[in-house]
Each structure stands twice: as C-alpha cells, then as structure tokens.
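The next block holds one structure in the form of structure tokens; read it before the comments.
The model shown is predicted, which means the values in this text are computed figures rather than measured ones. The analysis underlying the following values was restricted to heavy atoms, covering all of them including side chains, and did not include hydrogens, waters or symmetry mates.
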Amino acid sequence: VQLQAYGGGLVQPGGSLRLSCAASGISFSGNNVDWYRQAPGKQREWVATITRGKNTNYVDSVKGRFTISRDNAKNTVYLQMNNLKPEDTAVYYCRTIAAGDYWGQGTLVTVSS
C-alpha cells in the first residue's frame with residue numbers, strides 16, 4: 001500500500017494550489033481519507049476529511065478556503081486550497097485507515113511573498 005501526496009510548492013498569499021493524494025495497493029472508494037499538515041515547529045494537525053459517502057469536514061481555520069474531494073475512478077483525493085495565507089505553510093499529508101494506518105510522504109506548501 002502506498003499513498004503519494006503531491007502538488008505542493010511556493011505560492012504568494014491569496015494564491016491557490018491543488019494537492020493530490022494517489023493511492024496504490026488500496027482502494028480509496030470504501031474508506032475515509034484525511035489531510036493533515038505540520039507547520040515548522042508545530043504538531044501535526046488534522047485539516048480535512050472526506051468520507052466514503054463524500055461528506056466533508058474541515059478544521060475551522062480553512063473553512064471556506066479549502067475543499068476536499070475525491071475521484072474514485074482515479075483512486076485519488078484532492079485538496080483545493082484557495083486564498084492561501086502564510087499560516088498555511090506546512091508539509092501536507094494524506095492518510096487513510098483501512099486494515100492499517102497509511103500515510104503519504106508529505107508535500108510542502110510554502111505561502112510567502
């Protein structure tokens with residue numbers, strides 16, 4: 001089982017990025033998928049969840065700016081991030097629990113002018 005998170009980069013405040021989390025060896029379709037992030041010097045925090053029924057939940061700090069979605073045909077989950085702020089700078093990880101706790105390797109998002 002492997003989760004591959006990608007799509008991070010350097011963006012100016014107010015900009016947008018879309019992160020992707022692609023799975024191999026496991027099907028996302030029957031599982032919840034989460035995004036977490038870890039900022040420099042801080043603990044990892046939960047950001048968003050999409051359930052297998054496509055219900056979504058977000059941490060308050062990203063509500064209205066981030067959107068989590070899934071494409072079961074591509075076995076991929078996305079995190080669309082709009083109106084990015086410097087405090088969104090972090091390494092972003094995807095995660096799913098399915099007969100095991102699986103994490104992607106992380107993708108760095110840097111929001112800076």
Side-chain angles (χ1 to χ4, degrees):
V1 175
Q2 187 175 13
L3 304 185
Q4 184 177 7
Y6 58 95
L10 173 64
V11 63
Q12 292 186 341
S16 298
L17 282 174
R18 188 176 80 158
L19 306 183
S20 301
C21 177
S24 59
I26 191 172
S27 174
F28 272 157
S29 63
N31 303 299
N32 297 352
V33 181
D34 310 303
W35 283 98
Y36 285 75
R37 65 185 179 186
Q38 187 165 17
K42 295 187 176 181
Q43 289 189 330
R44 191 172 298 186
E45 70 167 347
W46 167 78
V47 175
T49 295
I50 186 164
T51 70
R52 58 185 180 182
K54 298 189 177 181
N55 294 313
T56 59
N57 289 290
Y58 302 91
V59 67
D60 285 348
S61 60
V62 309
K63 284 181 180 177
R65 300 188 297 121
F66 290 13
T67 302
I68 189 171
S69 62
R70 63 193 303 159
D71 184 336
N72 289 337
K74 295 182 178 180
N75 212 23
T76 300
V77 170
Y78 305 98
L79 187 68
Q80 176 67 43
M81 305 185 296
N82 298 328
N83 191 21
L84 283 160
K85 304 177 180 181
E87 52 264 41
D88 295 317
T89 294
V91 178
Y92 284 71
Y93 301 88
C94 54
R95 177 197 190 193
T96 194
I97 298 177
D101 190 353
Y102 302 106
W103 292 81
Q105 83 286 3
T107 183
L108 176 62
V109 173
T110 303
V111 185
S112 175
S113 55

According to a 4.5 Å side-chain heavy-atom criterion applied to Ile, Leu, Val, Met, Phe, Trp and Tyr, with indirect links allowed, do [X] and [Y] form part of one hydrophobic cluster?
X: Met81; Y: Leu108; answer: yes
X: Leu17; Y: Tyr78; answer: no
X: Val47; Y: Val91; answer: yes
X: Val33; Y: Tyr6; answer: no

For the [atom1] atom of [X] and the [atom2] atom of [Y], what is their distance to the nearest 0.5 Å?
X: Asn72; Y: Arg52; atom1: CG; atom2: CZ; answer: 12.0 Å
X: Arg70; Y: Thr56; atom1: CZ; atom2: OG1; answer: 11.5 Å
X: Asn31; Y: Ile50; atom1: CG; atom2: CD1; answer: 12.5 Å
X: Ile68; Y: Lys54; atom1: CD1; atom2: NZ; answer: 12.0 Å
X: Ile97; Y: Tyr102; atom1: CD1; atom2: OH; answer: 10.5 Å

Report the C-alpha distance between Asp34 and Thr49 in whole Å, list the side-chain angles of each, state the deciding distance to 0.1 Å, and finish with yes or no for side-chain hydrogen bond (donor to acceptor under 3.5 Å, both in side chains). CA-CA 4 Å; Asp34 310 303; Thr49 295; 2.6 Å; yes
Could you tell me whether the side chain of [X] and the main chain of [Y] form a donor-acceptor pair under 3.5 Å?
X: Asn75; Y: Phe28; answer: yes
X: Asn57; Y: Ala48; answer: no
X: Tyr58; Y: Arg65; answer: no
X: Thr89; Y: Val111; answer: yes
X: Gln105; Y: Ala5; answer: yes

Does either side chain, that of Asn82 or that of Ser16, offer a donor lying less than 3.5 Å from an acceptor on the other one?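 Yes.
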Can a side-chain donor-acceptor contact be found between Ser29 and Ser27 if the only test is distance below 3.5 angstrom?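 Note: Ser27 and Ser29 side chains meet the donor-acceptor criterion.
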Ring centroids only, cut at 6.0 angstrom: are Phe66 and Trp35 within range, meaning strictly under it?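 No, too far apart.
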Which label fits Tyr36 and Trp103: parallel for a plane angle under 30°, tilted from 30 to 60°, or perpendicular past 60°?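 Tyr36 vs Trp103 ring planes: tilted.
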Basic-acidic side-chain contact under 4.0 Å: Lys85, Asp88: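 Salt bridge between Lys85 and Asp88, a charged N being under 4.0 Å from a carboxylate O: no.
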Under a 4.5 Å cut-off applied to non-hydrogen side-chain atoms, are [X] and [Y] in contact?
X: Thr96; Y: Val1; result: no
X: Leu19; Y: Arg37; result: no
X: Ser112; Y: Leu10; result: yes

Test side chain to side chain contact (heavy atoms under 4.5 Å, CB included) applied to Trp46 and Val59, step by step: CA-CA 7 Å; Trp46 167 78; Val59 67; 4.1 Å; yes
How would you list all residue pairs meeting disulfide (SG to SG under 2.5 Å) that involve residues 19-103, not counting sequence neighbours?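 Residue pairs with at least one partner in residues 19-103: Cys21-Cys94.
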Could you tell me which non-hydrogen atom of Gly15 sits nearest to which non-hydrogen atom of Val11, and how far apart they are?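 Looking at all heavy atoms of both residues, the shortest contact is CA-CG2, 3.7 Å.
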